[in-house]
Peer 1: 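Can you read through this structure? Questions will come right after.
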Amino acid sequence: MVLKIHNTLSGTKEPFAPVDKQHVRVYACGPTVYNFAHIGNARMAVANDLLIKVLRTQYNKVTYVSNITDIDDKIIDAAHELNEPIQNLTTKYTKIYNEDMAYLNVSLPDVQPRATDHIDEMIVIITKLIKNNNAYEKEGHVLFHVPSFSKYGVLSKRNRDEQIAGSRVEVAPFKKDPADFILWKPSPDPLPGWDSPWGFGRPGWHLECSAMSEKTLGLPFDIHSGGMDLVFPHHENEIAQTCSLNKTDEPKSFARFWFHNGFVNVEGEKMSKSIGNIRLVHDLKKQFSGEVLRLTLLSAHYRQPLNWTKEIIDQNSKMLDRFYRTLKDLQSVEVSSDSLSDEIMESLLDDLNTPKVLAQLNTLSNKLSSANNDEKMIIKNNLIAAGRILGIMLEDPDLWLGYNQSLNPQKEEIEGLINQRNEARRHKDFKLADEIRDKLKLKGIEIEDTKNGTIWRKDS
RNA sequence: GGCUCGGUGGCAGAGUGGUUAUGUAGGGGCCUGCAAAGCCUUGCACAGCGGUUCGAUUCCGCUCCGAGCCUCCA
């Protein structure tokens with residue numbers, strides 16, 4: 001079985017082969033920390049987390065780097081508005097980002113470099129780019145000269161001249177070419193900055209990833225990832241910088257695979273501040289469990305757009321409950337291995353086809369009622385093994401489903417009522433029995449009469 | 001205007017040149033005093049028009065529709 005990944009560079013699904021089989025290296029463009037993470041940020045984190053977990057089933061050593069952008073004009077603006085020091089803001093939101101992602105069962109990257117810790121490296125890169133005639137200084141700015149890189153546009157498959165024709169971008173007067181982008185810009189007082197050969201200033205956004213990816217992983221590395229929208233211009237510019245720096249026009253000398261996840265829409269519309277429909281993980285946490293949110297993110301293929309609605313959250317919540325119920329029914333079954341069936345593994349390896357995996361798990365789960373012991377073991381093994389990679393079904397089934405409320409403060413009262421009801425049922429006083437059941441229902445308690453007696457759970 | 005990617009059943013969402021995706025919602029039934037949970041069963045589909053083919057939802061072309069990017073953006 002071979003892992004296949006859609007490579008934006010070729011526009012096709014390709015068999016994955018690492019540069020170094022002993023050490024797979026992945027870099028994902030992480031968040032700009034000036035606010036709470038939204039569900040779109042989460043999709044990127046979850047997609048990459050899944051990619052890494054799948055890679056780890058195939059390779060012994062995988063290093064996952066995902067940066068924190070902690071210097072940026074949006075951050076400066078936010079800090080100014082809140083009248084808060086920039087560092088307080090970025091430290092705070094970095095911490096919250098990591099907490100929110102942990103809630104979604106996203107593992108922390110192996111390395112999480114910060115842009116502001118790599119200013120020196122960036123200055124070195126700029127100096128070299130100027131020396132190589134790929135960049136120039138003008139009015140305190142340093143710009144990358146796009147025509148100096150012949151392969152500009154390979155990733156996003158854009159023809160520069162055609163773009164410019166229909167472009168509505170206002171071109172800064174100091175640009176030699178309209179497509180030239182900023183490597184360094186001046187920071188007039190009181191804006192934050194660093195001393196450089198071009199004066200006090202701060203780096204352009206694209207530069208940090210070129211600096212940090214090379215420093216943390218070395219070149220070329222295997223997979224460079226991020227959200228769809230980063231393809232142009234961010235990743236295109238990174239390619240131009242890093243390749244020019246190393247005097248090559250071969251994009252694969254930077255990263256072999258480019259992995260991009262699709263967008264999350266909300267109720268059919270793009271998330272945006274003006275519409276006011278941004279869904280923050282911070283808020284969703286109050287209403288939904290991490291596993292439900294994560295499963296919902298995985299319910300569509302990572303490259304497809306995902307329409308975030310209450311309905312799909314509910315659907316996935318039900319699916320997850322069913323999986324847990326299957327696991328509950330299998331509690332007494334011993335697991336002998338933790339291996340995933342070839343079929344399901346194949347789906348994961350096929351460009352992370354999570355909807356297909358979920359369908360397979362459902363099919364498997366549906367076989368429970370007619371399964372013999374061996375088959376039950378297989379069902380359980382697969383659910384658990386798949387859950388570990390997908391980041392779901394990690395809780396205790398009884399607790400998840402609301403059973404086993406030994407710590408519920410109303411436990412005695414509830415069980416008292418259940419005893420009263422069963423007493424009434426014995427006397428065939430079904431009117432009273434149903435009244436008691438309704439009363440429990442109002443308390444959020446659902447009861448089930450099984451052949452082993454009445455059991456109860458907290459209704460979610 | 002340019003580039004890219006899509007249009008699958010009420011909804012969500014995979015996939016395939018000829019055979020049930022799967023979930024959810026709906027219909028019918030079993031179980032139950034009635035429920036709950038579970039089980040069984042059953043509708044409902046591949047945007048349109050051409051072409052290739054013995055056969056296309058699947059390949060090709062065109063049309064229509066939608067989304068993203070071209071400007072900060074996950």
Side-chain angles (χ1 to χ4, degrees), chain A residues 8 11 28-32 37-48 72-74 77 153 155-171 179 205 225-234 236 260-265 268-273 278 295-296 299-301 303-307 309 311-323 325-326 328-329 347 350 353-366 368-370 401 403 424-425 428-431 433-434 437-438 440-441 445-451 454-457 459:
Chain A
T8 308
C29 288
T32 302
H38 55 63
I39 195 66
N41 299 111
R43 191 180 195 192
M44 173 265 156
V46 167
N48 279 277
D72 175 277
D73 288 0
K74 288 193 296 295
D77 293 345
L155 185 69
S156 53
K157 293 161 186 67
R158 276 156 215 269
N159 177 311
R160 248 178 39 76
D161 300 330
E162 287 168 357
Q163 296 299 314
I164 293 162
S167 171
R168 294 157 301 189
V169 192
E170 220 175 293
V171 179
W205 170 44
S225 58
M228 231 24 182
D229 55 325
L230 297 189
V231 174
F232 189 91
H234 186 55
E236 201 71 71
H260 294 103
N261 63 275
F263 262 48
V264 178
N265 295 317
E269 286 184 300
K270 183 175 172 171
M271 262 197 286
S272 81
K273 270 186 194 153
I278 294 183
L295 179 60
T296 302
S299 66
H301 184 87
R303 274 190 295 112
Q304 294 303 126
L306 178 68
N307 191 20
T309 63
E311 287 70 32
I312 66 158
I313 303 171
D314 288 345
Q315 282 187 198
N316 284 286
S317 174
K318 279 178 191 168
M319 191 194 292
L320 192 51
D321 284 352
R322 286 195 37 185
F323 286 147
R325 203 165 275 282
T326 303
K328 176 178 166 57
D329 291 344
S347 303
D350 185 14
N353 193 341
T354 50
K356 191 170 179 187
V357 172
L358 295 174
Q360 288 167 317
L361 293 179
N362 274 304
T363 305
L364 206 57
S365 189
N366 290 338
L368 178 65
S369 56
S370 61
L401 294 168
Y403 298 103
R425 287 171 74 213
K428 302 238 186 293
D429 185 353
F430 296 122
K431 189 166 172 279
D434 289 350
R437 184 172 56 206
D438 291 344
L440 284 162
K441 183 106 187 167
I445 300 302
E446 189 72 63
I447 57 174
E448 297 171 22
D449 296 324
T450 73
K451 52 186 174 209
T454 302
I455 57 173
W456 61 279
R457 69 187 148 89
D459 198 12

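Chain A is the first sequence line, chain B the second, and so forth, proteins listed ahead of strands; every chain is numbered from 1.
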Peer 1: Between the protein and nucleotides 7-12 of chain B, which nitrogen or oxygen pairs are less than 3.5 angstrom apart?
Peer 2:
unit_1 : atom_1 : unit_2    : atom_2 : d
C11(B) : O2     : Gln315(A) : OE1    : 3.3

Peer 1: Using a distance-only test with no angle check, is there a side-chain donor-acceptor pair under 3.5 angstrom linking Thr32(A) and Asp72(A)?
Peer 2: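 Result is no, nothing qualifies.
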Peer 1: Counting just side-chain N and O atoms, does Asn362(A) come under 4.0 Å of either OP1 or OP2 of A21(B)?
Peer 2: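 So the side-chain polar atoms of Asn362(A) never come under 4.0 Å of the phosphate oxygens OP1 or OP2 of A21(B).
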Peer 1: For nucleotides 36-40 of chain B, give me every protein contact, N/O to N/O, under 3.5 Å, one pair per line with atom names.
Peer 2:
unit_1 : atom_1 : unit_2    : atom_2 : d
A36(B) : O2'    : Arg457(A) : NH2    : 3.0
A37(B) : O3'    : Arg325(A) : NE     : 3.2
A37(B) : O2'    : Arg325(A) : NH1    : 3.1
C39(B) : O3'    : Ser369(A) : OG     : 3.4

Peer 1: What's the gap between G33(B) and G23(B) when it is taken at their P atoms, as a whole Å value?
Peer 2: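 So the two P atoms sit 29 Å from each other.
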Peer 1: Which protein N or O atoms sit under 3.5 Å from an N or O of nucleotides 44-47 of chain B?
Peer 2:
none

Peer 1: So, Ser365(A) side chain and Asn362(A) main chain: donor-acceptor pair closer than 3.5 Å or not?
Peer 2: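 No.
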Peer 1: By nearest nucleotide on RNA chain B, pick out whichever of His38(A) and Pro305(A) is the more 5' one.
Peer 2: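 First, find each residue's nearest nucleotide; the 5'-ward one identifies Pro305(A).
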Peer 1: Show your reasoning for whether side-chain contact (heavy atoms from CB on, under 4.5 Å) applies to Trp456(A) and Leu440(A).
Peer 2: CA-CA 10 Å; Trp456(A) 61 279; Leu440(A) 284 162; over 6 Å; no
Peer 1: Counting only N and O atoms by type, is there a donor-acceptor contact under 3.5 Å from the side chain of Thr363(A) to the main-chain atoms of Ala359(A)?
Peer 2: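 Yes.
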Peer 1: Using the six-membered base ring of A74(B), report whether Phe263(A) stacks on it, requiring centroids under 5.5 Å and planes under 30° apart.
Peer 2: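 Stacking between Phe263(A) and A74(B): present.
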Peer 1: Just so I know, are the side chains of Ser225(A) and Asn261(A) near enough to count as touching, which here means a heavy-atom distance under 4.5 Å?
Peer 2: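 Of all side-chain heavy-atom pairs linking Asn261(A) with Ser225(A), none is under 4.5 Å.
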Peer 1: Under 3.5 Å for both donor-acceptor distances, Watson-Crick or wobble: does G18(B) have a partner, and if so which one?
Peer 2: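 Paired with G18(B), as far as the under-3.5 Å criterion goes, is C54(B).
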Peer 1: Mind checking the P distance from A47(B) to U16(B)? Whole angstroms is fine.
Peer 2: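 Looking at atom P only, A47(B) and U16(B) are 16 Å apart.
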Peer 1: Could you tell me how far G9(B) sits from U57(B) if I compare only their C1' atoms? Round to whole Å.
Peer 2: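 Nearest-Å result for U57(B) against G9(B) at atom C1': 12 Å.
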